[in-house]
Amino acid sequence: MRQELLRLVGITKSYYGVKVLNGVNLNILKGETVVLMGQNGAGKSTLIRILCGLIQKNDGRIYIDETPTELSSPAEARNVGIHSILQEPMVAPNLTVAENIFLYSTYRPSMWTYRGKAVSRNAELLLKELGISMNPDAYAKDLSMSQQFLLFVAMVMCMKSKLIIMDETTASMNAADSACIYNIIEAYKSRGNAVLLVTQDIQEAIRVADRIAVLRDGSNVGMLRKKDFSVQKIVRMMTGKDEGFLPRETVRIPGREVLRIEHAVIRNVVQDVSISVRAGEVVGVAGLVGSGKSWIAKAAYGLARLDKGNVYLMGERQRAYSACKAVKRKIAYIPEQRIKGGVFGNLTIEENIVAAIGKKISVAGFMKHRMSRYVSKQFIRRLDISVQSERQQVNSLSGGNQQKLIVSRSMAQNPVLLIADEPTNGLDITTKEELKHIFCEMAESGVGVLLVSSNMQEILSVCDRVVVMSGGRIKCTLSREEALCEGRLAEELY
Amino acid sequence: MENALALKEKKNVFRMKEAGVLIALAILFLFFCLTTDSFLTAQNLLNILRQVSLLGIMTVGMTMVLVTGEFDLSVGSTFGMTGMLAGIFMTSGGMPVWLSILLGIAIGLGIGLVNGLLVTYAKIPSFIVTLGMLNVARGFALVVTGGLVVAVNDKTARDVAGIESFFFIGGGKVGEIPVMIFLFIAVIAVGFFLLHRTIIGFWMKAVGGNASAAKAVGINVNLVKITGFAILGALAGLAGIINLAFLTNVQGTTGQGMELNVIAATVIGGTSVSGGEGTILGAVIGVLLTGVLNNGLILIGASSFIQTICIGAVIIGAVAIDVWTRKKQ
């Protein structure tokens with residue numbers, strides 16, 4: 001039996017009373033690669049952030065080399081030998097590759113002076129050793145994203161570490177560069193170290209993992225050993241076997257077309273995508289991180305400019321399309337990032353709800369406070385948002401309630417088309433279900449819904465049609481029946 | 001919790017955002033009342049109000065610009081340039097007073113528009129744009145006059161239509177109260193309605209609070225920001241013209257450094273430099289605080305050097321309180 005490097009026991013974390021991690025256990029042995037999998041909101045990122053010392057657990061214990069350890073700061077995590085490569089490569093863009101490596105390495109050719117040539121030579125050796133082909137004198141900002149990640153991996157390799165955590169590092173990488181990463185991982189673990197890798201890509205997980213741990217809704221679902229690896233099994237564990245296929249009582253009869261995107265091209269992210277949404281139907285856009293699905297939502301709402309192609313609303317071609325025009329045409333949008341792109345932290349709940357209906361709450365420019373209060377009260381009741389007062393600041397609300405706020409904002413617009421980009425991301429299971437019901441209700445009342453999501457369950461339970469995207473292109477379009485057919489969507493998605 | 005919210009609903013003075021500055025103002029006021037005999041006289045208090053009214057008019061505009069999350073360093077130069085141009089229109093140009101005033105304000109508005117357009121469409125940071133405009137407008141004022149004084153008095157503008165009313169704006173009184181104070185109050189009232197009672201004000205707060213969210217709810221972010229700059233420019237123009245009417249002469253360097261006083265008063269009033277937070281009431285209190293401080297320090301015989309130090313300390317103190325209270329929330 002190999003020695004245990006890390007053991008997590010009963011890790012629990014909640015935000016605003018919502019449990020995102022509920023008694024998670026995990027152990028990692030020396031010399032192995034453990035892959036952590038789960039859908040969005042399963043709690044992977046939270047767990048990793050706890051291991052990096054970025055956030056604090058509420059309960060549970062962490063053992064490193066069988067000694068109980070508290071990881072109360074990122075510095076402490078690094079001290080015990082845990083290093084992380086998160087979703088952004090932490091390189092200094094204005095320095096060269098060699099200089100970036102110099103920042104992390106212990107190599108010092110001289111006490112007082114910086115010797116560029118020696119540093120560059122040293123970096124070259126390191127890169128060669130790791131099997132990375134990169135010019136040590138190139139500036140980091142001139143590297144591709146993929147290469148920047150490789151550089152950062154090389155930098156991390158300079159430091160003394162026992163465990164390296166990688167959070168979807170290879171998601172935005174090309175095949176050659178990811179292969180390079182896999183080689184580095186192999187060499188690293190053969191020295192008695194361990195790697196904890198987070199990925200959405202099942203094929204990748206099967207390729208590199210010694211064991212795969214699956215989380216769902218903040219709890220362990222299970223741990224697979226190498227001999228048990230299979231795509232079907234993993235998908236089932238991630239999504240929960242029979243959950244989420246809401247039996248639909250009413251039959252939706254789609255009306256006229258509200259949105260049509262024709263041959264949309266956005267440089268580097270979207271290639272020739274055409275989508276149409278009719279009134280009263282829910283169209284899902286499924287895809288992994290980096291598949292370009294978010295850009296479709298942005299393009300449909302006028303937030304992203306198309307390099308080629310057209311957007312039609314109610315059959316009318318849009319010229320110089322913008323979000324202002326979209327709102328005028330009664331199109332509502334739920335942005336992907338709640339805090340960054342959705343909520344007004346400085347405004348009250350009431351003001352947040354009425355933010356998109358300026359016309360309705362003002363007469364000749366003057367605010368009708370009674371009207372906005374009436375509207376907001378109505379939606380607070382309808383969506384069961386738990387607030388003390390509608391004059392409360394938004395920051396005091398939980399993530400789920402903030403998201404409901406944004407949903408009610410778009411409902412207040414009385415839209416003909418709702419574009420929702422990962423609307424249930426990071427929410428607890430009850431709120432997720434509530435929101436799914438709301439989307440279904442809206443569709444049944446004749447609203448066209450474009451639902452962009454990487455959560456299969458969500459797509460399967462509400463959508464009439466699913467467009468699966470990959471690498472900026474449409475991979476296939478499935479009808480509801482086809483998508484529900486045993487594992488078909490999962491197959492296309494992963 | 002319920003109780004605390006009930007208190008907030010009733011608009012408890014001590015729970016208002018402006019409470020900190022208001023208390024500071026009250027303490028200063030009391031301090032000068034007790035230490036000097038001449039502070040608490042009707043004449044002196046009216047004096048303070050008159051002294052701060054030009055600064056105050058611009059502070060109302062500056063509050064709006066800061067609320068949208070932008071910044072304007074060019075107000076001092078706009079203030080100087082518009083006053084000077086209005087003076088030239090009246091004297092050398094022989095234009096009627098109403099037209100000169102209108103043109104002066106329009107020029108201020110134009111400068112604001114240019115600032116706004118450069119910030120939004122050319123995407124240059126407002127700090128840089130307005131720093132540039134500060135120099136351009138100042139230089140322009142100096143070039144136009146060749147560094148000389150522009151005077152509007154009975155000699156130079158004898159035949160100009162409505163010149164009496166012009167002098168009335170600057171030096172006139174209604175009862176014992178200078179006309180300038182009424183203008184200041186009018187600007188406060190309009191500013192208050194604009195920022196707190198109209199949809200434009202609401203949009204300003206939304207844009208300053210979260211620009212990308214504002215975009216996502218269909219607010220024309222650029223238009224809102226430009227509006228803020230334009231209002232401030234027009235108000236700086238108005239203030240510059242009132243200044244000319246009061247002093248009857250201006251020169252190329254008039255209003256130099258004034259932008260910093262305006263920004264100081266705005267920030268003391270609780271307006272956040274990072275956008276989204278700020279009230280007209282706070283701006284007024286901020287302006288009064290600087291006015292009371294300046295006036296009181298003169299009365300107790302402190303040198304003007306000491307005054308500068310005090311104002312500086314108050315700015316830092318006010319923002320420190322703001323940051324701390326925000327952390328607590």
Side-chain angles (χ1 to χ4, degrees), chain A residues 297-298 301-303 322-348 350-369 372 387-396 406 409-410 412-413 419 421, chain B residues 1-12 15-17 66-69 190 192-224 227 270-279 322 325-329:
Chain A
K298 289 200 181 99
Y301 191 63
L303 283 174
S322 70
C324 299
K325 284 191 180 167
V327 169
K328 274 190 199 129
R329 291 309 197 81
K330 289 203 165 185
I331 296 179
Y333 174 70
I334 298 172
E336 185 181 12
Q337 282 163 319
R338 190 159 50 241
I339 307 288
K340 242 172 100 184
V343 160
F344 296 101
N346 60 328
L347 301 182
T348 63
E350 176 186 320
E351 289 171 323
N352 264 281
I353 292 178
V354 300
I357 48 167
K359 269 226 177 89
K360 196 172 171 187
I361 53 156
S362 63
V363 170
F366 284 89
M367 299 280 282
K368 292 192 290 182
H369 283 289
S372 56
V387 300
Q388 275 105 7
S389 148
E390 56 270 27
R391 293 284 168 96
Q392 201 178 334
Q393 288 287 316
V394 171
N395 295 343
S396 54
I406 295 173
R409 176 194 294 164
S410 45
Q413 277 176 265
I419 301 161
D421 193 356
Chain B
M1 195 65 191
E2 291 268 309
N3 258 337
L5 280 164
L7 278 174
K8 204 173 182 184
E9 290 276 323
K10 269 193 235 157
K11 284 224 165 174
N12 187 316
R15 291 188 160 273
M16 271 162 47
K17 283 176 200 149
L66 287 191
V67 163
T68 64
V190 173
F192 179 84
F193 267 93
L194 213 58
L195 189 59
H196 300 302
R197 291 284 179 272
T198 70
I199 193 82
I200 295 166
F202 176 68
W203 285 340
M204 283 176 171
K205 277 185 269 178
V207 166
N210 190 341
S212 56
K215 230 179 187 175
V217 296
I219 296 172
N220 192 334
V221 173
N222 288 351
L223 189 65
V224 170
T227 308
T271 301
S272 161
V273 189
S274 48
E277 304 278 350
T279 61
D322 193 48
T325 49
R326 212 166 289 219
K327 255 189 195 160
K328 261 189 199 165
Q329 282 174 1

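Letters A, B, ... mirror the listed sequences (proteins, then strands); counts begin at 1.
- Atom NZ of residue B:Lys205 and atom CG of residue A:Asn346 lie 8.5 Å apart, to the nearest 0.5 angstrom.
- Remark: A:Met367 CE to B:Ile199 CD1 distance equals 4.5 Å, nearest 0.5 Å.
- Interatomic distance, CG of B:Leu223 versus SG of A:Cys324, reported as 8.5 Å (0.5 Å rounding).
- Here the NE2 atom belonging to B:His196 is positioned 10.0 Å from the NE2 atom belonging to A:His369, to the nearest 0.5 angstrom.
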For residues 207-216 of chain B, run the donor-acceptor check on the side chains, cut-off 3.5 Å, and write out each pair with its distance to 0.1 Å, sequence neighbours left out.
residue	atom	partner	partner atom	Å
B:Asn210	OD1	B:Ser212	N	3.4
B:Asn210	OD1	B:Ser212	OG	3.1
B:Asn210	OD1	B:Ala213	N	3.2
B:Asn210	ND2	A:Ile339	O	3.1
B:Asn210	ND2	A:Lys340	O	3.1
B:Asn210	ND2	A:Val343	O	2.8
B:Ser212	OG	A:Lys340	O	2.7

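- Remark: A:Gln413 engages no residue in a side chain to side chain donor-acceptor pair (under 3.5 Å) (not counting sequence neighbours).
- Residue A:Lys368 qualifies as enclosed at atom NZ: its count of foreign heavy atoms under 6.0 Å is above 12.
- Using a 4.5 Å cut-off between heavy atoms, A:Tyr301 contacts chain B through its side chain alone, with no backbone atom that close.
- Side-chain contact between B:Val217 and A:Tyr333 is absent, with no heavy atoms from C-beta onward closer than 4.5 Å.
- When the shell of 6.0 Å around CG of A:Leu347 is examined, it contains more than 12 heavy atoms from other residues, nucleotides or ligands.
- Taking CZ of A:Phe344 as the start and CD1 of B:Ile219 as the end, the distance is 5.0 Å to the nearest 0.5 Å.
- Options A:Ser362, A:Gly341, A:Ala356, A:Ala323 differ in how many heavy-atom pairs under 4.5 Å they form with chain B, and the most are formed by A:Gly341.
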